[in-house]
Asks: 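Here it is, the structure, as C-alpha cells.
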Amino acid sequence: MEKISGAEAMMRSLEHAGVDVLFGYPGGSIMPTYDALYDHKETLNHILVRHEQAAVHAAQGYARVSGKVGCAIVTSGPGATNTITGVADAMIDSTPMVVICGQVGAAMLGTDAFQEVDVVGVTQPITKWNYQIRRAEDIAWAVARAFYIASSGRPGPVVLDFTKNAQTAMIEYKPQTVDFIRSYNPVPPTAEGAIETAAKMINESVKPFMLVGQGVELAEAREELLALCEKAQIPFGTTFLGLSAAPTEHPLNMGKLGMHGNLAPNVMTNQCDLLIAVGMRFDDRVTGNLKNYAKQAKIIHFEIDPSEINKNVKVDLAVLGDCKQTLAEVAKHVDSATHKSWIEGFKPYDEKEYNKVINPALNPTEGPLLMGEVVRKVSEAANNEAILVTDVGQNQMFGCRYFKFTKPRSVVTSGGCGTMGFGIPAAIGATFGAPDRTVCMFAGDGGFQMTIQELGTIMEQQCPVKMIMLNNNFLGNVRQWQYMFFDKRYSFTPMVNPDYEKIAAAYGIPCKTVINREDLDAAIREMLDTKGPYLLQCAVMEEDNVLPMTPPGGNVDEMLLEVK
C-alpha cells in the first residue's frame with residue numbers, strides 16, 4: 001500500500017464519511033491539513049468563514065436543513081476556543097456536527113506551547129464524544145467513530161483534536177466504517193409492553209394533548225406523528241425547534257408552546273388528562289413553573305435519550321426508542337376517535353389571542369412597521385415554503401410566531417443556548433445544506449453586528465441569503481424585560497447603529513431600507529426576486545413587545561396578553 005500523510009488520510013476519511021462541505025479557517029497547527037485540502041477542492045467544498053465561531057454555526061445550519069453531519073475545521077488555541085459557543089449550542093440543540101481542531105505536536109503537549117489549549121478538557125462537558133488524535137494510524141478509526149456518534153441516536157457534536165505530528169506522519173491508509181461501539185447504545189430498546197400501555201392510555205383519554213419536539217424532525221417521523229394524531233384525533237402543540245415537524249395549518253396543530261408561544265396550547269396543557277411528549281426535553285421555557293405544570297394529567301414520554309426521562313417532569317410511562325418506529329407501532333394499537341368537544345375547547349383561547357395580540361400585530365393601519373407583520377409578509381411572499389433562520393431575541397420570537405411552515409427541516413434557530421450572532425453564519429450553512437430552497441434570515445440590529453464580518457463570506461460565496469434586519473435601535477428582548485420587570489430602566493440596551501446600507505454596499509450586497517408600510521410588499525418582492533444575497537432593513541417600532549408571554553417563574557396557563 002502507498003504511504004500518505006496523516007493530513008491526506010484525514011481528507012480521505014472525510015470523503016469516506018460522506019462530507020461534501022467544510023466550513024473553516026486555517027492557522028498554524030492545522031496548516032498541513034489545509035495543504036492536503038488543496039488537492040481535494042473538487043470533492044470537499046471548503047467555505048472560508050471570517051471567524052471560527054461562524055464555522056461551527058454554519059456547520060449547524062447545514063446540518064439542521066440537510067439531515068447530514070455538519071463539519072468545521074479550525075486551528076489550535078484561539079481557533080479552537082472560538083468554536084466553544086457553537087459546540088455548546090449544538091450539544092443542547094442535538095445538532096450533529098464534527099469539529100476538527102489543530103493541536104500542537106504530541107511531544108509539546110502540556111508545555112504551554114504557542115497556541116496550545118487543552119481542547120479535550122475544555123470541550124468534554126459539551127460534546128457527545130471528543131478525542132485527541134496523537135498518531136496518524138488512528139485517523140481513519142477516529143473519524144469513522146466521530147461521524148457515527150455525531151449522527152446516531154440523539155445527535156450531537158464531536159470534537160477531534162488533531163496534533164500536528166499526526167498530520168505530518170506517513171502511514172498506510174485504509175478507510176474504516178463504524179456502525180457499532182460496544183459501550184454505546186444510540187437507540188435504547190423499548191420496554192416490553194410500553195407500546196400497548198401507551199395505546200391503552202391514549203384510548204382511555206378524553207382530553208389528550210401532544211407536545212411535538214425537534215426529535216420528530218431528527219427522526220424524520222412527520223408521517224408517523226400525523227398518522228397517530230389523525231387516527232386518534234389528538235391535538236398537538238410544537239416546541240421552538242419542532243415548529244416545522246408538522247404543517248402550520250394542520251387542523252390539529254394548535255400552535256407553539258412555551259414562554260412566547262400561543263395561548264391555547266399553553267392553557268390546555270394544564271387542562272388535558274393525558275400529556276404525550278414526543279422528542280422534547282421539557283425545557284423550562286416550555287414548562288414554566290414545574291410545581292404547577294400539568295399536575296392533572298398522566299404523562300407519556302416518547303424519547304430516544306434515557307437521561308431525559310424524569311429529568312424535569314416525572315412521567316407515568318416512558319416509551320424509549322426511535323420515535324419513527326415507536327409512534328408507528330402505537331398507531332397500530334390505538335382506536336379511531338373524535339374528541340370533538342375537547343378540540344373545540346381550544347378555539348375560545350385562539351380567538352382571544354387573535355383579537356388581543358395577533359390581529360394588531362399583523363394588520364396595523366398606522367404607526368411604525370411592526371416585526372410581526374414583516375415576518376408574516378415575508379413568509380407568505382415565499383409561499384410559506386422557505387427556511388426560517390433567526391438570530392436571537394425579539395426577531396427570533398416574532399419569527400417563530402408568525403412564519404408559517406409547510407415543509408420539514410425549515411427552522412434553524414438557537415434554542416437551548418440562545419446564541420446571539422447565530423443567524424448570519426447559520427443561514428450561510430443552510431444555503432449549502434438546502435441549495436434548492438429559499439433561506440430567509442431574520443436578525444435584530446444587535447445580533448446582526450455580532451457576526452457582521454460574515455458578510456464577507458456571503459460576498460465571496462454569493463450565498464443567496466435573504467437577510468431581513470428588524471431594526472429597532474435596541475437590544476429588544478432585554479429592553480422588553482427591562483420594561484416589564486425593571487421599571488423601564490433601559491440599562492445599556494439602546495443601540496447607536498452604523499449605516500447598514502453603506503456596509504452592505506461595501507460587500508457588494510444589494511440593500512433596501514423600508515420605513516413606510518406602503519413600501520414593504522414591493523421591497524420583499526424585490527428581495528425574493530433578486531438572485532444571490534440581499535439585505536432588507538426594516539425600521540420597526542422601537543418599543544414593540546413580544547406577546548403573549550409567560551412571566552419568568554409563572555405557570556403556563558397564566559400568560560400575559562398585554563403589558564401595562
Side-chain angles (χ1 to χ4, degrees), residues 190-239 242-257 261-262 264-280 282 286 293-304 309 313 315-350 405 408 556:
T190 306
E192 184 177 352
I195 297 295
E196 293 76 11
T197 301
K200 184 174 184 291
M201 293 172 70
I202 292 171
N203 288 337
E204 293 176 350
S205 172
V206 177
K207 298 185 291 184
F209 185 50
M210 184 176 286
L211 313 180
V212 177
Q214 188 193 194
V216 175
E217 291 267 56
L218 296 174
E220 297 182 348
R222 174 190 270 214
E223 291 184 8
E224 290 77 10
L225 171 86
L226 294 179
L228 173 58
C229 289
E230 288 168 1
K231 183 178 181 181
Q233 284 295 287
I234 303 171
F236 60 85
T238 60
T239 66
L243 277 170
S244 63
T248 303
E249 299 296 334
H250 192 284
L252 292 172
N253 190 344
M254 300 300 159
K256 190 167 83 69
L257 302 161
N262 294 111
N266 280 288
V267 170
M268 299 305 253
T269 294
N270 276 6
Q271 293 185 21
C272 67
D273 62 9
L274 178 65
L275 195 65
I276 308 162
V278 185
M280 55 86 70
F282 290 108
V286 167
Y293 180 75
K295 292 302 179 183
Q296 79 293 340
K298 293 182 178 179
I299 301 176
I300 303 173
H301 195 174
F302 289 80
E303 180 58 53
I304 201 168
I309 302 299
V313 173
V315 303
D316 297 277
L317 176 66
V319 183
L320 291 173
D322 185 331
C323 67
K324 187 174 182 67
Q325 279 75 51
T326 55
L327 288 172
E329 288 299 313
V330 170
K332 294 177 183 177
H333 294 82
V334 299
D335 300 331
S336 296
T338 56
H339 302 302
K340 184 177 180 180
S341 61
W342 165 240
I343 293 171
E344 289 289 322
F346 285 78
K347 290 185 178 180
Y349 299 105
D350 286 336
F405 306 98
V556 291

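Just so you know, residue 1 is the first one in the sequence shown, and it goes up from there.
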Asks: Got Val212 and Val278 here, is their nearest side-chain heavy-atom distance under 4.5 Å?
Replies: no
Asks: Which residue pairs pass the salt bridge (Lys or Arg N to Asp or Glu O under 4.0 Å) test when at least one of the two sits in residues 335-345, sequence neighbours left out?
Replies: Glu344-Lys347
Asks: Check Cys323 against Ala221 and note the closest heavy-atom contact, atom names and distance.
Replies: SG-CB, 3.9 Å
Asks: Could you measure the distance from the CD atom of Glu223 to the CG atom of Leu327? Nearest 0.5 Å is fine.
Replies: 12.5 Å
Asks: Mind checking what makes side-chain contact (heavy atoms from CB on, under 4.5 Å) contact with Ser205, not counting sequence neighbours?
Replies: Pro208, Asp273, Leu274
Asks: Quick one: closest heavy-atom pair of Cys272 and Ala297, and the distance?
Replies: O-CB, 3.5 Å
Asks: Run the side-chain hydrogen bond (donor to acceptor under 3.5 Å, both in side chains) test against Asn270 and tell me which residues pass, sequence neighbours left out.
Replies: Asp557
Asks: According to side-chain contact (heavy atoms from CB on, under 4.5 Å), who are the partners of Glu230, at least two apart in sequence or on a separate chain?
Replies: Leu226, His250, Leu252
Asks: Kindly write out the residues that satisfy side-chain hydrogen bond (donor to acceptor under 3.5 Å, both in side chains) with Lys324, not counting sequence neighbours, or none if the list is empty.
Replies: Glu224
Asks: My understanding is that only residues two or more places apart in sequence, or in another chain, count here; which of them pass salt bridge (Lys or Arg N to Asp or Glu O under 4.0 Å) with Glu220?
Replies: none
Asks: Do Val216 and Phe236 make a side-chain contact, defined as non-hydrogen atoms from C-beta onward lying under 4.5 Å apart?
Replies: no
Asks: Tell me every residue that passes side-chain contact (heavy atoms from CB on, under 4.5 Å) with Thr248, counting only those two or more places apart in sequence or in another chain.
Replies: Lys404, Phe405
Asks: Holding to side-chain hydrogen bond (donor to acceptor under 3.5 Å, both in side chains), I want the full list of residues that pass it with His333, two or more places apart in sequence or in another chain.
Replies: none
Asks: Using side-chain contact (heavy atoms from CB on, under 4.5 Å) as the criterion, list what pairs up with Lys231, not counting sequence neighbours.
Replies: Val334, Ser336
Asks: Taking all heavy atoms of Leu275 and all of Ala294, pick out the closest pair and write down the distance.
Replies: CD2-CB, 3.8 Å
Asks: Test of understanding: with ring pair (Phe, Tyr, Trp, His ring centres under 6.0 Å), list the residues that count as partners of Phe346, not counting sequence neighbours.
Replies: Phe209, Trp342
Asks: Look up atom CD in Gln296 and atom CD in Gln271, then write down how far apart they are to the nearest 0.5 Å.
Replies: 8.0 Å
Asks: With Met210 as reference, evaluate Leu228, Ile202, Ile300, Thr238 under the side chain to side chain contact (heavy atoms under 4.5 Å, CB included) test and give the passing residue.
Replies: Leu228
Asks: Is a side-chain donor or acceptor of Asn262 paired with a backbone partner of Asp350 at a separation under 3.5 angstrom?
Replies: no
Asks: Hey, could you give me the CD/CD1 distance between Glu329 and Ile195, rounded to the nearest 0.5 Å?
Replies: 6.0 Å
Asks: Rounded to the nearest 0.5 Å, how far does CG of Asn203 lie from CD of Glu196?
Replies: 11.5 Å
Asks: Heavy atoms only: give me the nearest Thr338-Ile343 pair and the separation to one decimal.
Replies: O-CD1, 3.7 Å
Asks: On a heavy-atom basis, which atom in Val556 and which in Val286 lie closest, and how many Å separate them?
Replies: CG1-O, 3.3 Å
Asks: Quick check: closest heavy atoms across His301 and Ile309, and the distance to 0.1 Å?
Replies: ND1-CD1, 3.6 Å
Asks: Mind checking the CD1-CZ spacing from Ile276 to Phe302? Nearest 0.5 Å is all I need.
Replies: 7.0 Å
Asks: Check salt bridge (Lys or Arg N to Asp or Glu O under 4.0 Å) between Glu192 and all other residues, then give those that pass, not counting sequence neighbours.
Replies: none
Asks: Say you draw a straight line from CG of Asn253 to SG of Cys229; how long is it, rounded to the nearest 0.5 Å?
Replies: 9.5 Å
Asks: For the residue pair Leu211 and Phe282, establish whether any side-chain heavy-atom pair is separated by less than 4.5 Å.
Replies: yes
Asks: So do Met201 and Lys298 actually touch side chain to side chain, heavy atoms under 4.5 Å?
Replies: yes
Asks: With sequence neighbours excluded, tell me which residues meet side-chain hydrogen bond (donor to acceptor under 3.5 Å, both in side chains) with Gln214.
Replies: none
